[in-house]
Every structure is written in structure tokens, then in C-alpha cells.
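Contents: one structure, followed by commentary.
Counting starts at 1 for both ligands and their atoms, following the listed order. Keep in mind that what you see is a predicted model, and the values were worked out from it rather than measured. Along the sequence shown, residues are numbered consecutively beginning with 1.
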Amino acid sequence: MLTTATERVSLPLEHAFTISRGTTTEAENVVVRITDDGDMTGVGAAAPSAHYGETADTVEAVLPDLFAVVESVGDPHALAEIEARMREAVEGNPAARCAVSIALHDLAAKRLGVPLYRLWGLNPGTAPDTSFTVGLDDLDTMREKTGEAVEAGYGTLKLKLGTDRDREVVEAVREEAPDATIRVDANEAWTPRETVEKSRWLAESGVEFIEQPVPASDPEGLKFAYERSELPVAADESCVTLADVPRIADRCDVANLKLMKCGGLLEARRMIHAARAHGLEVMLGCMVETNAAIAAGCHLAPSLDYADLDGSLLLADDPYEGVPMPDGEIDLAGVSRNGTGAVER
Ligand code: MG
């Protein structure tokens with residue numbers, strides 16, 4: 001017998017967060033708890049994104065249908081069956097399904113007495129560091145935020161681009177962080193030709209790769225940019241679910257997965273394997289998320305090339321504690337709790 005509960009949490013950001021599509025000052029997540037008859041509880045959360053058609057309201061609206069699936073299967077270890085049946089029960093709604101998937105994985109690992117990465121046979125020592133994102137802002141603020149991030153010890157920065165000031169932004173940030181690894185994310189704001197042009201001076205500034213330069217609705221443009229860019233290209237908005245992996249395989253270098261896009265931890269693991277089979281590198285990103293969700297992503301980190309799991313680091317205050325990230329290092333071995341390690345503060 002499994003019982004379920006939900007709670008909506010408002011998460012104010014430390015700084016207003018701007019990307020090429022708009023500004024966020026607060027995120028709403030929906031926390032899900034699933035408790036077994038031995039009183040053990042798994043916790044997860046949905047971080048809905050309007051870009052993919054979800055809000056906290058849509059998440060709350062479909063959760064009863066998802067919980068009905070969980071209750072009818074009744075076994076918290078039947079993760080594959082539950083994820084598959086949830087996908088049949090509701091169309092889309094990936095963040096809502098993901099919240100349930102995370103809570104169940106947390107519960108299953110706790111019942112077995114292991115941290116989640118152990119359930120998957122992963123080595124906690126091989127996780128890449130997470131990047132820390134500097135949102136779009138005026139140049140002085142971006143300099144200031146970069147200085148703070150460097151001061152805090154983050155060695156990898158992700159810069160949001162997509163304005164007519166892109167070159168000044170990269171130069172200013174590079175000046176503040178001469179030794180940092182810098183990645184840039186245009187969030188679909190560039191044309192294919194612009195991407196190729198910008199890749200030349202981005203390469204000169206020592207940028208590592210370009211994320212989602214062109215709109216996901218323009219797969220031919222992505223191919224054009226990928227074939228001519230001076231820098232590797234990562235696909236984020238173009239890479240949503242498992243079915244997208246073969247579609248992007250000949251037009252990018254890196255698949256950027258997100259739990260909230262693909263709808264579950266098992267689905268994310270399938271995407272990692274599929275991406276590898278197609279010769280792609282793998283990155284895991286996130287939304288603006290509480291640790292109740294991010295912690296699960298951290299357990300996948302040993303199977304990634306790049307981690308962008310700073311969603312909780314950008315919050316003013318997270319009601320959940322998760323996997324510690326000192327200086328951006330995802331310290332899985334430093335968590336003494338079983339499951340995902342997420343716990344209410
Ligand atoms: Mg992105």
C-alpha cells in the first residue's frame with residue numbers, strides 16, 4: 001500500500017534570471033511524497049517549464065491520475081512498469097511524471113538501503129563538476145555575478161547569450177574569469193549563419209561549446225551550424241525525449257538532457273545510452289529546481305560528460321537539502337543518506 005502527498009513550493013531566485021526568451025524571479029515547483037506501509041517516504045519534485053507547456057497548475061491537475069497508476073501497481077520497485085503506464089495514462093506532462101519517478105526511485109533506493117547511484121552501479125567519484133550559470137544582464141551586473149561565481153570557487157561558467165551585446169558580454173566575463181571554462185547558451189536566439197560567425201570569436205575567447213544556437217523548429221539550421229561552427233554544438237531544446245536522440249545525432253556534438261523534459265529517470269538513462277550509441281557526448285541540465293528534484297539528477301552525474309545542475313544554487317533559499325556541490329563538485333560520496341539524499345531543511 002503506497003500513499004501519496006503533494007506540496008506546492010515557491011522558490012525565489014537569488015538574482016532575477018534572464019535568458020534570451022525572458023526573465024524569471026521566482027519558480028514554482030511541486031513536491032511529491034510517496035510513503036510505503038513501513039512509513040518510509042520517497043520525495044521528488046516537478047519543476048514545470050512553460051516552454052514545454054507545463055505550470056504548477058497543470059502538474060497538480062494530472063498528479064491524481066499518476067498517483068492512481070502508482071497505487072494500482074502498488075510496488076515501488078516496479079519502476080519501469082510505473083513509468084510506462086504513467087506515459088500511457090497522461091499525454092505529455094513530463095515534469096509531473098518526473099516528480100513521481102524521482103519520488104519512487106528515492107523510495108526504492110531507501111528500501112534497499114543504498115544511495116541511488118549504487119542502485120545503478122555508478123562510481124560516485126567520476127561525476128563531472130557542475131557549471132554555474134550567469135544569466136543575461138547589463139555588463140556591469142554580469143561582471144559582478146561572474147566575480148561572485150569565481151570567488152565562490154566555480155571553475156565552469158555557463159553564459160546565457162542571445163542579444164546584440166553577445167561579444168561584449170563574453171569579453172567582459174572572460175576578463176573577470178580568465179581561467180574558467182566557459183560554455184554559452186543562446187536558447188535558440190541565433191540564425192544558423194550568425195552561429196557560424198559567432199563561433200569564430202567565441203573560439204578565440206576559449207569558449208568550450210555552444211548550446212542550442214538556433215530554434216528547435218529549424219533542424220536544418222542546426223545541421224548547417226554544426227557542420228560549419230568552429231566550436232562543438234550542444235542540443236537542448238532540440239533534444240527533449242528519447243525519440244529526439246537519433247534525430248539530432250548527425251547535427252550536434254552533445255545531447256543536453258533534462259529530467260523535466262524527458263519525464264523520468266529511467267527515460268533519462270535510456271537517452272544517455274541512446275546518445276552514446278550515436279556517438280554523442282551527454283550533458284544533464286535542469287530547470288530552476290529545488291534539491292528535491294536536482295538531487296536525483298546528481299546521481300546520474302557519473303554517467304555524464306557535462307553537468308549543468310545548478311538549479312538549486314541559483315535559489316535565494318531552497319527548502320530541501322540535496323547533494324552538496326562545493327566549488328561545483330558534485331559530492332555524491334559526501335551524502336550519508338540513502339535514496340537521492342534529498343531532505344527537508
Ligand atoms: Mg539550455
Exercise. Which distance, rounded to the nearest 0.5 Å, do you find between the SG of C239 and the CG of L280?
Worked result: 8.0 Å

Exercise. What N, O or S atom of E211 is found closest to the Mg ion (ligand 1)?
Worked result: OE2

Exercise. Are N256 and E211 close enough, and set up right, to give a side chain to side chain contact (heavy atoms under 4.5 Å, CB included), and what steps lead you there?
Worked result: CA-CA 8 Å; N256 183 10; E211 188 177 322; 3.0 Å; yes

Exercise. Checking only N/O/S atoms, does D236 have one that is under 2.8 Å from the Mg ion (ligand 1)?
Worked result: yes

For this session: For the Mg ion (ligand 1), decide whether E237 has an N, O or S atom at a distance under 2.8 Å.
Result: no

Exercise. Step by step, would you call E14 with L315 a side chain to side chain contact (heavy atoms under 4.5 Å, CB included)?
Worked result: CA-CA 5 Å; E14 180 79 42; L315 299 176; over 6 Å; no

Exercise. What N/O/S atom of D185 is the closest to the Mg ion (ligand 1)?
Worked result: OD2

For this session: Look only at the side chain of S20 and the backbone of N187, and say whether a donor-acceptor pair between them is shorter than 3.5 Å.
Result: yes

